[in-house]
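Data first, discussion second: the structure below is written as structure tokens.
Read the numbers this way: they start at 1 and go in the same order the structure lists the ligands and their atoms. The first residue of the sequence shown is numbered 1, and numbering continues consecutively from there.
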Amino acid sequence: MPNALVIGNWKMWGSREQAKALVSSVAGLNQSGVEWGVCPPFPYLQIAIDQLGCDRVGAQTVSADQDVPHTGDVSAEMLADLGLRWVIVGHSERRADRCETDDVVRAQVERALSQGLVPIVCVGETLDQRNAGEAEAVVIAQLDAALRGLASNTDLVVAYEPVWAIGTGVVATPEQAQAMHAVVRQRVKDLGLSGDILLLYGGSVKPDNAEGLFALADVDGALVGGASIDAQAFLAIVEAAAAAKAE
Ligand code: PEP
């Protein structure tokens, strides 16, 4: 098990040429103790696989269904057929804009696991929920829905991504991040899963705030959006993870 994991979520970014340039800029990255990977849009997965290898590539979502004629959907079988390692599920943009409810996220987790993919399960509260004092309850409910009843040795990753921090430039304070990560760590254990599951923080992670986040006891890495499409920034974040976790 690595000490840290940094995943780049490219979202709906790029062209073929940009994808090729970005993966070739990060291809040589190798920091001891830190695992890293990228989640490009579907059309650019093969570009990333060709240059980085399957073990460094994930998808951004997966269908909750199997064997149904759903136009535009991509099944867990297809992602496994490509040899992908990870798949992001429950990202707040999809929960909010693509009606991906807790039940859908749970089905996606199960579909991913059935095909040997490692789900990166995103949870997080909105600003209104935080201001109403509901942040922990929201995150716990999302964890329960996604993870309850899974086998204790299930291979998965959890990403705490406060919705108010995603793409806003407003990063959670170290106190906020550590407090919620401790809650997530405890809940994952209470659900009978391994306490060693890697917990990523996501939401406006940049080179200048990464080290402080990675120094936190319960932050094992990051899910990085905007900064992951800037090769230098992504490299710096992975280096920050290596520096923090080496201490
Ligand atoms: C994300 O979308 O998962 C994310 C963390 O985005 P950003 O880093 O841009 O806030």
Side-chain angles (χ1 to χ4, degrees), residues 4-14 18-19 22 26 34-42 44-45 48 56-62 84-98 100 105 108-109 112 118-127 129-130 135 138-139 142-143 146 156-174 176-178 180-181 184 198-214 216 218-241 244:
L5 174 65
V6 178
I7 297 286
N9 173 15
W10 295 6
K11 310 196 192 199
M12 201 169 72
W13 172 85
Q18 287 173 308
L22 181 51
V26 297
V34 183
E35 193 75 76
W36 64 269
V38 296
C39 296
F42 288 127
Y44 308 139
L45 285 170
R56 290 215 188 276
V57 186
Q60 295 176 19
T61 186
V62 63
L84 298 187
R85 179 159 176 197
W86 299 284
V87 59
I88 298 171
V89 299
H91 193 284
S92 59
E93 289 158 3
R94 298 195 63 84
R95 288 182 189 261
D97 302 335
R98 296 292 178 267
E100 291 187 354
V105 174
Q108 292 170 311
V109 167
V118 178
I120 300 172
V121 182
C122 300
V123 295
E125 80 287 355
T126 64
L127 190 56
Q129 289 165 333
R130 174 161 283 267
V138 167
V139 166
Q142 290 173 339
L143 288 170
L156 58 84
V157 174
V158 174
Y160 168 57
E161 298 208 305
V163 179
W164 44 271
I166 295 181
T168 59
V170 180
V171 65
T173 65
Q176 288 169 325
Q178 172 54 32
M180 190 62 86
H181 276 242
V184 173
L198 294 176
L199 306 185
L200 311 185
Y201 168 82
S204 297
V205 176
K206 310 280 179 222
D208 61 357
N209 58 34
E211 207 170 325
L213 289 163
F214 295 144
L216 300 170
D218 288 302
V219 173
D220 303 318
L223 181 54
V224 184
S228 73
I229 56 173
D230 171 339
Q232 292 316 312
F234 189 67
L235 295 172
I237 291 168
V238 173
E239 280 163 16

Look at [atom] and say which protein heavy atom is nearest, naming residue and atom and giving the distance to 0.1 Å.
atom: atom 2 (O) of ligand 1; answer: Lys11 NZ, 2.5 Å
atom: atom 3 (O) of ligand 1; answer: Glu161 OE2, 2.8 Å
atom: atom 8 (O) of ligand 1; answer: Gly225 N, 2.8 Å
atom: atom 9 (O) of ligand 1; answer: Gly226 N, 2.8 Å

Heavy-atom gap His91 to ligand 1 smaller than 4.0 Å: yes

Sub-4.0 Å heavy-atom contact, Ala165 with ligand 1: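 Right, Ala165 reaches ligand 1.
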
pair Leu5-Trp86: side-chain heavy atoms closer than 4.5 Å: yes

Please check if the side chain of [X] supplies one atom and the backbone of [Y] the other of a donor-acceptor pair under 3.5 Å.
X: Gln178; Y: Asp218; answer: yes
X: Asn9; Y: Gly225; answer: no
X: Thr126; Y: Val163; answer: no
X: Arg85; Y: Val57; answer: no
X: Glu100; Y: Val105; answer: no

Basic-acidic side-chain contact under 4.0 Å: Glu93, Arg98: no

For ligand 1, is there an N or O atom under 3.5 Å from any N or O atom of [X]?
X: Gly167; result: yes
X: Ser204; result: yes
X: Thr168; result: no

Proximity to ligand 1 by part of Asn9, non-hydrogen separation under 4.0 Å: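 Looking at Asn9 and ligand 1, just side chain atoms fall under 4.0 Å.
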
Per-atom contacts, ligand 1 versus Gly203 - under 4.0 Å to a heavy atom: 5 (C), 10 (O)

Heavy-atom pair with the smallest gap, counting every atom of Ala177 and Leu216: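 So the two residues come closest at CB-CD1, 3.9 Å.
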
